[in-house]
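A short write-up of the structure that comes next.
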Amino acid sequence: MDKSKFHLITYNWLFVLFVFLFLHFWQGISVGYIIMLVAAYLLILAAGSMFFRWNFYLNAIHHGSRRIKQVALTFDDGPSDKTEAILNILQKEEAPATFFIKGENSTSLRKIVRRVYDEGHLLGNHSFSHNVRFTFQSKKKVIKDLESAAKAIERITGKKSRFFRPPYGVTNPEIAKAVSELGFTVVGWSVRSFDTKYKSPEKLLSRLKQKTKAGDIVLLHDYPDVTLKILPDYIQWLKQNDFQIVSLKKLINKKAYA
Ligand SMILES: [Zn+2]
């Protein structure tokens with residue numbers, strides 16, 4: 001495994017810390033400098049967790065080639081009672097998509113997961129529990145959770161999903177180690193729709209039109225009403241502007257299943 005930015009920063013930081021400690025004990029510089037150095041390090045670690053696109057703890061793929069006018073649509077946090085309505089729109093528009101599902105939801109909505117798969121869309125792992133606790137677990141527990149989610153998909157489709165998107169896009173060293181051991185391809189996004197926050201379809205659609213460019217991976221969710229409302233218009237707009245909607249595996253040129 002390549003050394004992550006986290007490792008490189010930590011090694012360099014330890015070196016600087018050592019120098020500061022030396023200066024403190026032998027040259028008498030203020031302990032305040034050491035406190036500041038520790039605080040700056042902790043701040044960088046926290047930011048590295050929050051800002052998924054930094055690829056701080058692990059290398060995720062956030063977009064495809066910027067030279068080809070293609071985009072991939074992704075829907076997180078389903079399946080839900082709205083997923084079928086999303087599937088109907090995608091079917092009508094002949095648009096492929098990827099669903100990063102919550103393992104927990106799929107156990108009660110197996111039929112919907114099966115329909116997603118049967119209609120040629122991809123299924124990705126978005127953890128089993130998708131709660132805040134997931135982010136603060138040990139590597140062992142993260143692996144257990146991700147394996148439960150993988151099994152949930154496999155039981156319904158017979159396929160082992162290779163795509164993983166971390167809940168909330170939050171990463172840390174434990175998640176990075178777990179993902180590397182399990183051999184997942186980690187997939188982020190380059191257009192965040194904020195469809196769980198926007199109430200106005202007009203504003204959401206205008207944001208998407210403004211942000212979408214060649215190679216983008218678009219992050220949507222398959223439960224907000226507002227997403228259902230704008231999806232046909234967004235797809236029409238993409239087509240009118242010569243964007244080809246392709247499956248995620250084609251956009252990033254990676255295998256979706258083992
Ligand atoms: Zn999510």
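Counting starts at 1 for both ligands and their atoms, in listed order.
Looking at heavy atoms from C-beta onward, H63 lies out of side-chain contact with I252 at the 4.5 angstrom threshold.
For the pair K203 and Y198, the cation-pi criterion (under 6.0 Å, within 45° of the ring axis) is not fulfilled.
A distance-only check finds a donor-acceptor pair linking the side chain of T74 to the backbone of V218 [under 3.5 Å].
Aromatic pair F52/H62: centroids less than 6.0 angstrom apart.
Ring geometry for F100 versus F163: interplanar angle of 30 to 60°, hence tilted.
Grouping Ile, Leu, Val, Met, Phe, Trp and Tyr residues whose side-chain heavy atoms lie under 4.5 Å apart, directly or via other members, places I35 in a hydrophobic cluster with V31.
Around the Zn ion (ligand 1), the protein atoms of type N, O or S that sit closer than 2.8 Å are D77 OD1, H126 NE2, H130 NE2.
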